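The structure appears below as structure tokens.
Everything quoted here is computed from the prediction, not taken from an experiment. For the single chain, residues carry numbers from 1 onward in sequence order.
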Amino acid sequence: MIESRTEMLKTLDDMFATSSSSARQSALTAVTNTVMAGGTVRDHCLTMIANFKRADDHGIKFEQEVKVDLLLQSLPEYFNLFKMNYNMNKMNLDLTQLMHELENAEQFLVKQETAFFCR
């Protein structure tokens with residue numbers, strides 16, 4: 001009877017280890033494959049922050065600078081000027097501050113686009 005309990009515990013341990021590995025891989029995929037495709041930059045930033053939290057919950061630790069780099073990398077091309085400005089000025093923002101700066105940039109870009117098309 002003890003052997004069957006031991007075997008059962010080992011089987012359960014193996015099942016959950018695989019599940020944990022799959023969850024970790026899924027969390028990492030969410031971080032690295034998420035790109036902004038429509039919606040607001042705020043929604044995208046919140047999605048990325050949630051993805052970082054999920055990865056962290058599964059043991060994947062990203063340095064703050066790497067999180068910022070990954071978030072900036074996930075933005076569409078029309079944020080390239082913002083990214084260049086961020087890097088040239090050696091800005092050092094946390095994710096919440098970055099989200100607010102990106103929201104400001106997005107508002108500016110929308111105003112600029114509206115003015116361009118109204119001509």
Side-chain angles (χ1 to χ4, degrees):
M1 191 73 155
I2 294 176
E3 287 180 357
S4 63
R5 286 183 188 159
T6 304
E7 289 175 18
M8 183 174 75
L9 288 174
K10 182 177 177 353
T11 302
L12 288 172
D13 188 44
D14 290 344
M15 286 172 40
F16 287 114
T18 302
S19 174
S20 175
S21 177
S22 295
R24 188 174 53 256
Q25 291 171 10
S26 175
L28 182 58
T29 299
V31 167
T32 57
N33 290 349
T34 299
V35 293
M36 184 175 164
T40 65
V41 74
R42 178 182 180 81
D43 290 340
H44 177 68
C45 288
L46 292 174
T47 298
M48 289 296 290
I49 291 168
N51 289 343
F52 290 132
K53 171 73 171 111
R54 186 172 148 215
D56 188 54
D57 290 346
H58 291 287
I60 303 169
K61 308 292 184 206
F62 292 104
E63 296 291 329
Q64 185 67 24
E65 291 173 344
V66 174
K67 289 178 182 180
V68 168
D69 290 342
L70 287 167
L71 196 149
L72 289 173
Q73 181 184 3
S74 70
L75 296 172
E77 285 185 11
Y78 59 86
F79 281 99
N80 282 350
L81 188 59
F82 177 89
K83 291 188 256 185
M84 184 175 71
N85 183 53
Y86 186 91
N87 292 321
M88 286 180 63
N89 290 310
K90 298 179 180 163
M91 297 172 77
N92 186 20
L93 304 175
D94 66 29
L95 293 176
T96 304
Q97 294 168 326
L98 179 61
M99 179 177 67
H100 293 306
E101 291 298 321
L102 286 166
E103 286 177 300
N104 292 335
E106 183 178 54
Q107 290 175 359
F108 175 76
L109 291 168
V110 168
K111 286 179 187 177
Q112 201 174 37
E113 183 178 299
T114 303
F116 177 76
F117 286 116
C118 288
R119 293 180 189 179

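Using a 4.5 Å cut-off between side-chain heavy atoms of Ile, Leu, Val, Met, Phe, Trp and Tyr, with links allowed through other members, L81 and L71 fall into different hydrophobic clusters. Residues L28 and V35 do not share a hydrophobic cluster, clusters being chains of Ile/Leu/Val/Met/Phe/Trp/Tyr side chains in contact below 4.5 Å. Residues L72 and M99 do not share a hydrophobic cluster, defined by chaining ILVMFWY side chains whose heavy atoms lie under 4.5 Å apart.
Taken from CD in Q25 to OG1 in T29, the straight-line distance is 7.0 Å, to the nearest 0.5 Å. The structure places CG of N89 at 9.5 Å from CE of M84, a figure rounded to the nearest 0.5 Å. In this structure, CG on L93 lies 9.0 Å from CG on L102, to the nearest 0.5 angstrom. Here the straight-line distance linking atom NE2 of H44 with atom CG of L46 works out to 10.5 Å at 0.5 Å rounding. From F79, atom CZ reaches atom CD of Q73 across 15.5 Å, with rounding to the nearest 0.5 Å.
Side-chain N/O atoms of H100 and E103 include a donor and acceptor closer than 3.5 Å. Inspection of the S20 and H58 side chains reveals no N or O donor paired with an N or O acceptor under 3.5 Å.
Side-chain atoms of F52 and T47, non-hydrogen and from C-beta on, never get closer than 4.5 Å to each other. Counting heavy atoms from C-beta outward, C45 and L95 have side chains that stay 4.5 Å or more apart. Using a 4.5 Å heavy-atom threshold, the side chains of M36 and S74 count as separate. Considering only heavy atoms from C-beta on, E63 stays 4.5 Å or farther from K67 through its side chain. Side-chain contact between F82 and E101: present, with at least one pair of heavy atoms (C-beta onward) separated by less than 4.5 Å.
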* To do: Any chance you could lay out the side chain to side chain contact (heavy atoms under 4.5 Å, CB included) test for I60 and F62, step after step, and finish with the verdict?
  => CA-CA 7 Å; I60 303 169; F62 292 104; 3.6 Å; yes
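The minimum heavy-atom distance linking L98 with Y86 is given by the pair CD1-CE1, 4.0 Å. Contact record, A27 with A55: CB-CA, 3.8 Å, taken as the closest heavy-atom pair. Scanning all heavy atoms of the two residues, the minimum distance from D94 to Q64 falls at CA-NE2, 3.3 Å. Here the shortest heavy-atom pairing between L75 and K83 reads O-NZ, 3.7 Å. What you find for A30 and R54 is that their closest heavy atoms are CB-NH1, 3.8 Å.
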